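Before any comments, here is the structure.
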Amino acid sequence: MPELPEVEVVRRGLNDFVVGRRIADVTVMDVRSVRRHELGAANFIDQTTGRTVQAVRRRGKYLWLVLDDGSSILTHLGMSGQALIAKPQVPDPRHLRIRFTLDDGNELRFVDQRIFGGMFVGEGDPPAEISHIAPDPLDVAFDDTDFVQRLRAKRTGVKRAILDQKLVSGVGNIYADEALWRSRLHYARESNTLSKAKGLELIGHLREVMTEALAQGGTSFDALYVNVNGESGYFERSLAAYGREGEPCDRCGTPIVREPFAGRSSHFCPRCQRKR
DNA sequence: ATCGTAGCCTGGTAGC
DNA sequence: TGCTACCAGGCTACGA
C-alpha cells in the first residue's frame with residue numbers, strides 16, 4: 001500500500017508529467033472516488049476541466065495539484081490508490097475511477113481497488129481542507145522539539161500518538177512499527193512517560209526509516225507507470241518488525257510478536273520492546 | 001477538549 | 001466445490 005515514501009514517489013512522477021499541462025477532459029467512473037467533494041461529481045468535473053496544473057505538492061500522504069485559479073485537486077491514495085500516467089491507447093485498468101485527459105494527449109488515471117482513497121477540490125495552497133494535517137518528518141519545516149513537547153502532553157499509547165495526523169503526518173502502521181522497533185519502544189507505552197531524549201530518538205527513527213524507504217522505493221518505480229504497490233520494491237526486505245510475526249528479532253533473536261491494536265496489528269519484539 | 005472506535009471498501013484467503 | 005467470515009489499511013465522524 002502507498003506509504004509516505006511511495007506517495008512522494010508519486011508526487012515526483014506527477015510533477016514531471018502534469019505540471020504545465022491543461023486538463024482537457026475529466027471523467028468520473030465511480031462517484032465514490034469523489035465522495036469527499038461535497039458538491040458532487042458533476043461539480044468536480046466543472047471545477048477541474050480547463051484548468052492548468054501549476055505544481056504538485058504533498059503533506060503526509062495527501063497530494064494536491066495546484067491549479068491556475070488558486071484551487072487544488074486534493075488526492076489521497078488510501079490503501080490501494082494509484083495515480084498513473086498512460087497513453088489513451090493503453091487499456092483501462094480494472095479499477096479505473098477517474099480519468100483526466102491532458103492537453104499533451106496523456107491521461108492521468110486515478111485507479112483504486114478499495115476506494116478508501118479519493119479526490120476532491122480544495123481551496124488554497126496548502127488547501128484549507130488539510131490545515132489540520134501536521135507536517136511530516138521529511139518536511140524541512142518539521143519541528144522536532146515541538147513534536148516531542150506535544151507527544152509528551154498526550155495521554156495515550158505512543159503508537160496511537162504517532163498515528164495521529166494532527167501530531168505528525170505520514171506515519172502508517174508499517175513505519176510506526178519499524179520506528180518503535182528501532183527505538184526499542186512498546187507500542188502501548190504511555191506517551192507522557194517518555195523522556196525528551198526518547199521522544200527525539202523516536203522522531204529521528206521515523207525520519208530515518210522513511211528516508212531509507214524513499215531511497216529504495218524510488219529505484220523500484222517506473223516514471224511512466226507510477227506503481228504504488230508496496231509489495232514490490234526493496235523496502236520490504238528491510239523490515240525488522242512489520243509482517244515478521246514468529247521470525248527472530250534482528251537484535252536478540254526473540255520471535256517477533258503480533259498483537260491486535262486498534263482494529264489492526266502491532267508487531268514488536270517482546271524482549272527489546274518492553275512496556276516499561 | 002481529548003480520546004477511542006465504527007464504518008467505509010474489495011479481493012484474497014482460511015475454514016468449513 | 002462453493003460458500004461464509006475475516007483481514008488488510010487511513011481517515012473521518014461521532015460518541016464517551
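Reminder, nothing fancy here: chain letters follow the sequence lines and each chain counts from 1. Only heavy atoms go into these numbers, but all of them, side chains included; no hydrogens, no water, no symmetry mates. Everything quoted here is computed from the prediction, not taken from an experiment.
Among the nucleotides dG10(C), dT10(B), dG4(B), the one closest to any side-chain atom of R160(A) is dG4(B). Nearest to the side chain of N173(A), among dC8(B), dG10(C), dT12(C), sits dG10(C). Here the nucleotide nearest the side chain of R155(A), chosen from dC11(C), dC9(B), dC3(B), is dC3(B). The I115(A) side chain lies nearest to dT10(B) when the options are dT10(B), dA8(C), dC11(C). The side chain of R36(A) lies closest to dC11(C) when the candidates are dC11(C), dG11(B), dC9(B). Of the candidates dG4(B), dC11(C), dG11(B), dC11(C) carries the atom nearest the H76(A) side chain, counting heavy atoms from C-beta on. When each of dC11(C), dG4(B), dA8(C) is scored by its nearest atom to the side-chain atoms of Y62(A), the top-ranked nucleotide is dC11(C). Out of dG11(B), dC9(B), dA8(C), the shortest distance to the side chain of S265(A) is found at dA8(C).
Residue K159(A) contributes atom NZ, which lies 9 Å from atom P of dG10(C) at whole-angstrom precision. One can place CZ of R94(A) at 17 Å from P of dC9(B), the figure rounded to the nearest angstrom. Computed from coordinates, the Q113(A) CD to dG10(C) P distance equals 15 Å when rounded to whole Å. Between R97(A) atom CZ and dC9(B) atom P the separation is 11 Å, expressed in whole Å. The CG atom of D112(A) sits 13 Å away from the C1' atom of dG11(B) (whole-angstrom rounding). Taking atom CG of residue L77(A) and atom C1' of nucleotide dC9(B), one finds them 15 Å apart after rounding to whole Å. We find that CZ of R32(A) is positioned 10 Å from C1' of dC8(B), with the value rounded to whole Å. In this structure, CZ of F116(A) is placed 14 Å from P of dA6(B), rounded to the nearest angstrom.
Among the heavy atoms of the strands lying under 4.0 Å from R258(A) are primed sugar atoms or P, OP1, OP2 only; no base atom is included. Counting non-hydrogen atoms under 4.0 angstrom, F261(A) reaches nothing in the nucleic acid.
A sub-4.0 Å separation between OP1 or OP2 of dT12(C) and a side-chain N or O of R35(A) is absent. When the side-chain nitrogen and oxygen atoms of S80(A) are compared with OP1 and OP2 of dG11(B), none of them lie within a distance under 4.0 Å. The side chain of K154(A) contributes no N or O atom lying less than 4.0 Å from OP1 or OP2 of dT2(B). Regarding contacts with the backbone of dT12(C), a side-chain N or O of H132(A) is found under 4.0 angstrom from either OP1 or OP2. For the OP1/OP2 pair of dT12(C) and a distance below 4.0 Å, the side-chain nitrogens and oxygens of Q165(A) include at least one atom meeting the criterion.
Annotation: of the two residues near DNA chain B, R264(A) and G157(A), the 5′-most nearest-nucleotide partner is G157(A).
A donor-acceptor contact closer than 3.5 angstrom is absent between the side chains of Y62(A) and E129(A). Side-chain atoms of R258(A) and S265(A) include a donor-acceptor pair closer than 3.5 Å. A donor atom on one side chain and an acceptor atom on the other are found under 3.5 Å apart for D177(A) and H267(A).
Ring orientation note: the planes of F147(A) and F142(A) are tilted relative to one another, at an angle of 30° to 60°.
Ring centers of F44(A) and F120(A): at least 6.0 Å apart, outside the cut-off.
By the 4.0 Å N-to-carboxylate-O rule, R12(A) lies close enough to E8(A) to be salt-bridged with it.
No hydrogens or angles were tested; on distance alone, nothing pairs the side chain of R114(A) with the base of dG10(C) as donor and acceptor under 3.5 Å.
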